[in-house]
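Read the numbers this way: they start at 1 and go in the same order the structure lists the ligands and their atoms.
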Amino acid sequence: MSARRRAVVWLAAFAWAAAATAAPGDVTYFKCGRLFDGVSATLAAGIGVVVRDGTILDVGPGLPVPAGATVVDLGAYTVLPGIIDAHTHVALHPGSYEDQILRETPERRAIEATVNARLTLESGITTIRDLGNEGAGLADVALRDAIARGSVPGPRILAAIQPVTATGAYGLVGFQPAAKLPRISYEADGPVEVRRQVRTLVREGADVIKIYMESFEKRQAESDVLSGARTYSDEELDALVDEAHAGGLKVAAHTYSDENGRRAIAAGADSIEHGLYLGEATFRLMADKGVAYVPTLLVYELWRDARIFPTSSPETLRKLKSTVDRHSEAFRAALRTPVKIVMGSDTFELPGTNSQELVAMVRAGMTPLEALRSATSRSADLLGLPGRIGVVRKGAFADLVAVSGDPLADIAAVTRPVVVVKGGTLALDKR
Ligand SMILES: [Zn+2]
């Protein structure tokens, strides 16, 4: 690291520490040029946001500045709720995926995750749902708790720890079966074992249960797209979802095929991740049942373009071309239905670029307004925190992002935040 870079990092850390020292009871007044509140179809002008102890006390046009309040002037900017990324892997960092799992200790990866968390927050993402630490022990829950305590800067984290999978469904591929490899999923077969693994995750502090429903080890060779074989039986899925819900946790189902999507819906999963090949009728069913769709468009585009997973085989890269086309088709089908689409980037190798997913969604046919809702109020519903995150409203956490320009006209504005506020504290200030 150069001396200049080191100085910048040190200053950033200092600025964060200084901002974090606001005493309990201190009031801050954020003067917003224009405001997207997370729901409304238009931007409101001349809005003031009054914050105390990390929570929005009041919001509205022409609010007077309370006596003694610190004023943060965002009058030149458009202010949005902090962005929510509903599908991340903060414990992965740029570089070889396999090397991280095989050569780095969970402790090293927890440190790298801490760096990622700060970059993610500074990019305007104030909450993440982290769907698997890929073999990094309990790094995600440890980081979540350290951030919540204020020890290090980062987004609020809902952590899945590791997905529950059928034996052989999710691990590093290409090794002989007897090779002792770090586990990147909790393998469980049969209703008894899947219940036990869900209970283990609840005890370990998981906030959400991720299930992996297709096996790449058994990838269908004849397919011209990325696909996997079915793993869990309906009986296992029912037990798994029932146990998660009994523990108060929602279930995120990683599925590709329409058939597996249907099975996840029947079992009562709360969201379908990726859903590369879902059809319009399935999206309508999801809308009826209240199952959210987290498409994660960008990660497959980056993979196709060899910007991530650089060691992918030519065969995989060839399949990815048609995979991305089919995925965009599915996304456009979803847009024709009332299914709740929620933003998730899954772009773990490029920390701090999560909001590029919003650009990808708009490029694929979504309106900027719907893309913004998918990353704010609608995501808050899926994460079980409606009214607390994803909105600028009385009683919500004071998570704000200020950008130049109008993101309802040019969604890319959200990828260039000028100010980021989490819980009333400035996490980035480039004014
Ligand atoms: Zn993922």
- Query: Does NZ or CZ of R156 lie under 6.0 Å from the centre of the six-membered ring of F397, at an angle within 45° of the ring axis?
  - Reply: yes
Could you pull out all donor-acceptor pairs under 3.5 Å where a side-chain atom in residues 132-141 meets a protein atom, sequence neighbours excluded?
{"from": "N133", "atom 1": "OD1", "to": "G135", "atom 2": "N", "distance (Å)": "3.1"}
{"from": "N133", "atom 1": "OD1", "to": "A136", "atom 2": "N", "distance (Å)": "2.8"}
{"from": "N133", "atom 1": "ND2", "to": "G137", "atom 2": "O", "distance (Å)": "2.9"}
{"from": "N133", "atom 1": "ND2", "to": "D140", "atom 2": "OD1", "distance (Å)": "3.1"}
{"from": "N133", "atom 1": "ND2", "to": "I161", "atom 2": "O", "distance (Å)": "3.3"}
{"from": "E134", "atom 1": "OE1", "to": "Y97", "atom 2": "OH", "distance (Å)": "2.4"}
{"from": "E134", "atom 1": "OE1", "to": "Y170", "atom 2": "OH", "distance (Å)": "2.6"}
{"from": "E134", "atom 1": "OE2", "to": "Y170", "atom 2": "OH", "distance (Å)": "3.2"}
{"from": "D140", "atom 1": "OD2", "to": "I161", "atom 2": "N", "distance (Å)": "2.9"}

- Message: Assess whether a salt bridge exists between E370 and R378, defined as any Lys/Arg side-chain N lying under 4.0 Å from an Asp/Glu carboxylate O.
- Response: yes
- Task: Using a strict cut-off of less than 4.0 Å between a Lys/Arg side-chain nitrogen and an Asp/Glu carboxylate oxygen, indicate whether E301 and R363 qualify as a salt bridge.
- Result: yes
- Mind reading off the angle at the Zn ion (ligand 1) between the NE2 atom of H89 and the OD1 atom of D346, rounded to 10°? 80°
- Please determine if the Zn ion (ligand 1) has an N/O/S atom from H274 lying under 2.8 Å away. no
- Could you tell me whether the Zn ion (ligand 1) has an N, O or S atom of E273 under 2.8 Å away? no
- Starting from the Zn ion (ligand 1), look over the N/O/S atoms of H87 and name the nearest one. NE2
